[in-house]
Amino acid sequence: MCNNIRVRFAPSPTGNVHIGNIRAAIFNWLFARHTGGKFLLRVEDTDLERSTPEAIKTLLESMEWLKLDYDEPVVYQTANVNEHLKAARKLLDSGHAYKSDKGGKGECIIFKMPSEGRLEYNDLVKGRMRKKAEDTQDFVIVRSDGSPVFHLANVVDDILQGITHVIRGDDHVENTFKHIELFKALGAQPPAYAHLPMIVNNMGKPYSKRDGSAFVGEFREQGYLPDALFNFLLLLGWAPGDDREIMSREEMIKAFSLDRCKASAARFDLKKLRWMNGEYIAAMPKDEFKKEFLRRVSDAGIPTEPLGCTVDDVIVPVQPRTKTFGDIPANCIYFFTEDYPFSEAAVAKRLKQPEAGRILEETASRFESIHDFTEEAAEDVIKELAEKYGGMGAVVHPVRVAVSGVSEGPGLFEMLRLIGKERTIARLRRAIPQTAL
RNA sequence: GCCCCUAUCGUCUAACGGUUAGGACAUCAGGUUCUCAUCCUGGAAAUCGGGGUUCGAUUCCCCGUGGGGGUGCCA
């Protein structure tokens, strides 16, 4: 039961966490949880300009939001600079590195790559990787200003943290040959490597902010659930092998393995994410949904008390229809205020009709005589009118638009009941001017 | 230019030499419903091209082509 598998997520805090990046974290986390190893977080904060406290806070929040817990205190790379430089001196002393002023910027330290033979390693995702030594080049490990370069810092930190498996993005494949040589030159055992394919846009280019939401925080803002995003990202480049798609964290942990990761890039499909998010929302406990629902309504500046019913009443028909929480204010505003907007398209299609005005007035006046405004009572009225005006649609549609401003939503009779008799009647009459052709 | 990787429906993917090439999202048609969402039924939809190896290739090899990554002071 005792293994010493140790993996890490090593982002540089830039203020935003890219989905490609967080996916690497997800795969690392799953690998650690599956194997019973340790998942560590290392913040590569050596870029002092971008690594602000706020950026680090954003990173940690994203991790927490996705429930990516780590097993040891966060390591900050800046704390290890002396170790990096010590390693550089060691490499200088052992003849693995040399000083040079090639670019004329001053003296830097360059690591010497093998000049002959073949470099190879076994990538847990991509398989056997090989490269002729003559196709590699020496590279800078300490800049002329004395600061360690990524390659050095990364490798030294991995040694310091005892990392056994490096699971990271595809863009590091070439670096791996360099890193392995560094490990060896420093007298350390290189870790195993697994390179995850990139997430690309529909042009096949790396997915960026230009392609839509690219950062964890944006999805959170738009009302995606962390579990849905997690699940969706996992399925980009990995599949359990059977037909399961929506899986619990436990199932994922149990099923995860690196050798089932794909080696080719995956396109980001927002439609599928939306669908999956809707599935997760539908499965949410009522009180959890209610909490987030109220937060969204409140943030939109809408009163949080429905006009004619309770929040719980509203939630019943709304939850199963919600794809993202960001859609909620626009979809439910008419339950909370008389100042609800009318969709132009809906008005044009349903209210600007020859008989619409008469239908609304007639519906209103018939509703007036209902004592107990139940769904059944409302339905009876509408059905009667439907016979007169040529079908349910002819009556239902204008009434729906009049009382809600939009052409879709909960069942009409349920909606009317929630809005209430007097308010419904008032809304119907108030909408009549809009039926003028 | 050179080096490395990669290639199954529109998209995400399954099929680790033998399947009518499966599932999901999206899409289309029909059913249910007052709309939307859900739900049910059905349809269309793929192995990049060319050579090999093999009794047999989506699967293995080679060559193209497309895409991605890298290429001495970004990470």
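Heavy-atom basis, side chains included; hydrogens, waters and symmetry copies ignored. By convention in this document, chain letters (A, B, ...) are assigned in the order of the sequence lines, proteins followed by strands, and residues within each chain are numbered from 1.
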Hey, does P317(A) have a side-chain heavy atom less than 4.5 Å from the side chain of M415(A)?
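No, too far: nothing below the 4.5 Å cut-off.
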Qualifying residues under side-chain hydrogen bond (donor to acceptor under 3.5 Å, both in side chains), relative to [X], sequence neighbours excluded:
{"X": "D243(A)", "answer": "none"}
{"X": "H165(A)", "answer": "none"}
{"X": "D45(A)", "answer": "T78(A)"}

Among [range], which ones have heavy-atom contacts with RNA chain B below 4.0 Å?
{"range": "residues 143-158 of chain A", "answer": "R143(A), S144(A), V149(A), F150(A), H151(A)"}
{"range": "residues 191-211 of chain A", "answer": "G204(A), K205(A), P206(A)"}
{"range": "residues 241-250 of chain A", "answer": "G241(A), D243(A), E245(A)"}
{"range": "residues 395-408 of chain A", "answer": "V396(A), H397(A), R400(A), S407(A), E408(A)"}

How is [X] classified with respect to the nucleic acid when contacts are heavy atoms under 4.0 Å: base, sugar-phosphate, or nothing?
{"X": "R260(A)", "value": "sugar-phosphate"}
{"X": "G237(A)", "value": "sugar-phosphate"}
{"X": "I110(A)", "value": "base"}
{"X": "E44(A)", "value": "sugar-phosphate"}
{"X": "K323(A)", "value": "sugar-phosphate"}
{"X": "N331(A)", "value": "nothing"}
{"X": "L236(A)", "value": "sugar-phosphate"}

Please measure how far the [atom1] atom in [N] lies from the corresponding atom in [M], and state the result in whole Å.
{"N": "rA21(B)", "M": "rU58(B)", "atom1": "P", "answer": "10 Å"}
{"N": "rU8(B)", "M": "rC48(B)", "atom1": "C1'", "answer": "11 Å"}
{"N": "rC55(B)", "M": "rC3(B)", "atom1": "P", "answer": "35 Å"}
{"N": "rC9(B)", "M": "rU59(B)", "atom1": "P", "answer": "14 Å"}
{"N": "rA57(B)", "M": "rG51(B)", "atom1": "C1'", "answer": "14 Å"}
{"N": "rG67(B)", "M": "rG43(B)", "atom1": "C1'", "answer": "32 Å"}
{"N": "rU47(B)", "M": "rC60(B)", "atom1": "C1'", "answer": "16 Å"}
{"N": "rA15(B)", "M": "rU35(B)", "atom1": "C1'", "answer": "42 Å"}

With sequence neighbours excluded, give me every side-chain hydrogen bond (donor to acceptor under 3.5 Å, both in side chains) pair touching residues 139-153 of chain A.
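For residues 139-153 of chain A, and leaving out neighbouring residues, the side-chain hydrogen bond (donor to acceptor under 3.5 Å, both in side chains) pairs sorted by first residue read R143(A)-S147(A), D145(A)-S147(A), H151(A)-H179(A).
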Out of the candidates F219(A), F293(A), F289(A), only one should pair with F325(A) under the ring-ring contact (aromatic ring centres under 6.0 Å, His included) rule; please name it.
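Going through F219(A), F293(A), F289(A) one by one, the ring-ring contact (aromatic ring centres under 6.0 Å, His included) with F325(A) is satisfied by F289(A) alone.
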Taking any strand in view, what nucleotide pairs with [N] in a Watson-Crick or G-U wobble way, both distances under 3.5 Å?
{"N": "rA7(B)", "result": "rU65(B)"}
{"N": "rU20(B)", "result": "none"}
{"N": "rC2(B)", "result": "rG70(B)"}
{"N": "rA29(B)", "result": "rU41(B)"}

What is the distance from [atom1] of [X] to [atom2] of [N], rounded to the nearest Å?
{"X": "N231(A)", "N": "rU13(B)", "atom1": "CG", "atom2": "P", "value": "14 Å"}
{"X": "R321(A)", "N": "rC39(B)", "atom1": "CZ", "atom2": "P", "value": "13 Å"}
{"X": "L234(A)", "N": "rA24(B)", "atom1": "CG", "atom2": "P", "value": "18 Å"}
{"X": "L412(A)", "N": "rC34(B)", "atom1": "CG", "atom2": "C1'", "value": "6 Å"}
{"X": "M276(A)", "N": "rU11(B)", "atom1": "CE", "atom2": "C1'", "value": "13 Å"}

Please tell me which of E414(A) and K272(A) maps to the more 5' nucleotide of RNA chain B, matching each residue to the nucleotide holding its nearest heavy atom.
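Per heavy-atom nearest nucleotide, the more 5' residue is K272(A).
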Closer to the 5' end of RNA chain B via nearest nucleotide, is it K271(A) or C108(A)?
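Result of the comparison: K271(A).
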Under a 3.5 Å distance rule, please check whether D211(A) uses its side chain to pair with a backbone N or O of S208(A) as donor and acceptor.
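Between the backbone of S208(A) and the side chain of D211(A) there is a qualifying donor-acceptor contact (under 3.5 Å).
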Donor-acceptor pair, K209(A) side chain versus A214(A) backbone, under 3.5 Å?
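Absent.
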Going from [atom1] on [X] to [atom2] on [Y], what distance comes out if it is rounded to the nearest 0.5 angstrom?
{"X": "L182(A)", "Y": "H96(A)", "atom1": "CG", "atom2": "NE2", "answer": "9.5 Å"}
{"X": "L360(A)", "Y": "R430(A)", "atom1": "CG", "atom2": "CZ", "answer": "12.5 Å"}
{"X": "C108(A)", "Y": "Y98(A)", "atom1": "SG", "atom2": "OH", "answer": "8.5 Å"}
{"X": "N154(A)", "Y": "Q77(A)", "atom1": "CG", "atom2": "CD", "answer": "7.0 Å"}

Any residue meeting salt bridge (Lys or Arg N to Asp or Glu O under 4.0 Å) with [X], in chain and number order, not counting sequence neighbours:
{"X": "R8(A)", "value": "D158(A)"}
{"X": "R210(A)", "value": "none"}
{"X": "E279(A)", "value": "none"}

Does the base of [N] carry an N or O that pairs as donor and acceptor with the side chain of [X] under 3.5 Å?
{"X": "D47(A)", "N": "rA75(B)", "value": "no"}
{"X": "R267(A)", "N": "rC12(B)", "value": "no"}
{"X": "Q137(A)", "N": "rG72(B)", "value": "no"}

Assess the side chains of T324(A) and R296(A): does a donor N or O sit below 3.5 Å from an acceptor N or O?
no
Run through D171(A), D123(A), V125(A) and flag the one making a side-chain contact (heavy atoms from CB on, under 4.5 Å) with H195(A).
D123(A)
List every contact pair, protein side and nucleotides 5-8 of chain B side both N or O, where the distance is under 3.5 Å.
residue: rC5(B); atom: O2'; partner: K126(A); partner atom: NZ; Å: 2.7

Does the cation-pi check pass for R23(A) over W238(A), that is, NZ or CZ under 6.0 Å from the six-membered ring centre and within 45° of its axis?
no
Step by step, would you call Y224(A) with Y280(A) a side-chain contact (heavy atoms from CB on, under 4.5 Å)?
CA-CA 9 Å; Y224(A) 288 91; Y280(A) 271 89; over 6 Å; no
